[in-house]
Participant: 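Pasting a structure here, questions to come.
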Number of protein chains: 2
Amino acid sequence: MKIGDIANKTGFSIETIRFYEKQNLVKNVGRHINNYRDYGDEQIAQLVFIKQCRNIGLSNKEIKILQSHLENPQSECGEVNQLIASALKKIREQLKLLHETELQLNYLNSLCNHNGASHECGIMNELRTTRHF
Amino acid sequence: MKIGDIANKTGFSIETIRFYEKQNLVKNVGRHINNYRDYGDEQIAQLVFIKQCRNIGLSNKEIKILQSHLENPQSECGEVNQLIASALKKIREQLKLLHETELQLNYLNSLCNHNGASHECGIMNELRTTRHF
DNA sequence: ATTGACCCTATATTTACTTCAGGGTTTATA
DNA sequence: TATAAACCCTGAAGTAAATATAGGGTCAAT
């Protein structure tokens, strides 16, 4: 299978797939006689796994750790548990921050809806105001 | 005021403040005879403004646009309104995604809480499973 | 034989900083 | 007075996770 085919199948761009190979997230990629990359089921499985991991916000570094557990089925999975728990914690912190951001943006958004001079703009006046000091 | 002082006052790191100057987000920085940077109220106001903007998730590029409205009080604020509305939209999209991520992570987190072999780990088994295909 | 759709490598760009290497300056202490 | 700790400086490189670009080879069909 050529790179364009697996890109279609997995939803990653061609460039991203080549990038993942360089990063050693996609492995054992074969080559045709003409030097085109050659992919099979193994690489599809790898990319599916990567997609699952990215969907839950894991970094490429963390994905490599999980891959090592895939490759060593006898390894103890405590590290996996920790990684997921810590990811969950981070996501919850981000959610909290984003939620506050939404409130503030929503408030700003309500402060001006005309097109006048900037110095009379409710949004600009609010942003100009000193806080947290 | 030296860079360490304004860093303390504003909560930005020294390096970040120098970086902002290089990016022209902090302007008109003076110099002492010994070549140390010299800050005053103008720079404090600039950094406070930057902090407000970063708190609502704006990029440095967007901050520059807002700064140009500060500097040109007669400019029409329609651009400001649009920028905030679009930021709000982006934040809401991010929130939605993050919320889904939290659900999935929470689910994964429930699938294993022991330290056994990875191939028997509920989390790993779930991640190994193909989806969306 | 040539056009369009693919594929290749290597390098540069992006964002928003952070870190590092290699040095000067100032202040406090012994 | 010496020296060490605590500051400050510049310029370049590193980080994450791709994305884009330049310059060129390959393949299938007309």
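The sequence lines fix the lettering, A, B, ..., with proteins before strands; numbering per chain opens at 1.
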Participant: Determine, for nucleotides 8-21 of chain D in 5'-to-3' order, which nucleotides have protein heavy atoms under 4.0 Å from the base (write B), from only the sugar-phosphate (write S), or from neither (write -).
Facilitator: SSB-----SBBS--
Participant: Does a donor on one side chain and an acceptor on the other come within less than 3.5 Å for Gln23(A) and Asn60(A)?
Facilitator: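 Result is no, nothing qualifies.
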Participant: Mind checking what makes ring pair (Phe, Tyr, Trp, His ring centres under 6.0 Å) contact with Tyr20(B), not counting sequence neighbours?
Facilitator: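 Checked Tyr20(B) against ring pair (Phe, Tyr, Trp, His ring centres under 6.0 Å); matches are Phe12(B).
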Participant: Between the side chain of Gln43(A) and the main-chain N/O of Lys27(A), is any donor-acceptor distance below 3.5 Å?
Facilitator: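 Answer holds: yes.
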Participant: Tell me, which of residues 92-103 of chain B have any heavy atom that sits under 4.0 Å from an atom in DNA chain C?
Facilitator: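 Heavy-atom contacts with DNA chain C come from no residue of residues 92-103 of chain B; none.
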Participant: Using a 6.0 Å cut-off, check whether atom NZ of Lys89(B) has over 12 heavy atoms from anything other than its own residue.
Facilitator: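 No, not enclosed.
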Participant: Would you confirm whether Lys51(B), through its side chain, and Thr10(B), through its main-chain N or O, come within 3.5 Å as a donor-acceptor pair?
Facilitator: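 Confirmed, Lys51(B) side chain pairs with Thr10(B) backbone.
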Participant: Asn72(B) side chain to Ser68(B) main-chain N or O, any donor-acceptor pair under 3.5 Å?
Facilitator: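 Looks like yes, one N/O pair under 3.5 Å.
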Participant: Could you tell me whether the side chain of Gln67(A) and the main chain of Leu25(A) form a donor-acceptor pair under 3.5 Å?
Facilitator: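 Present.
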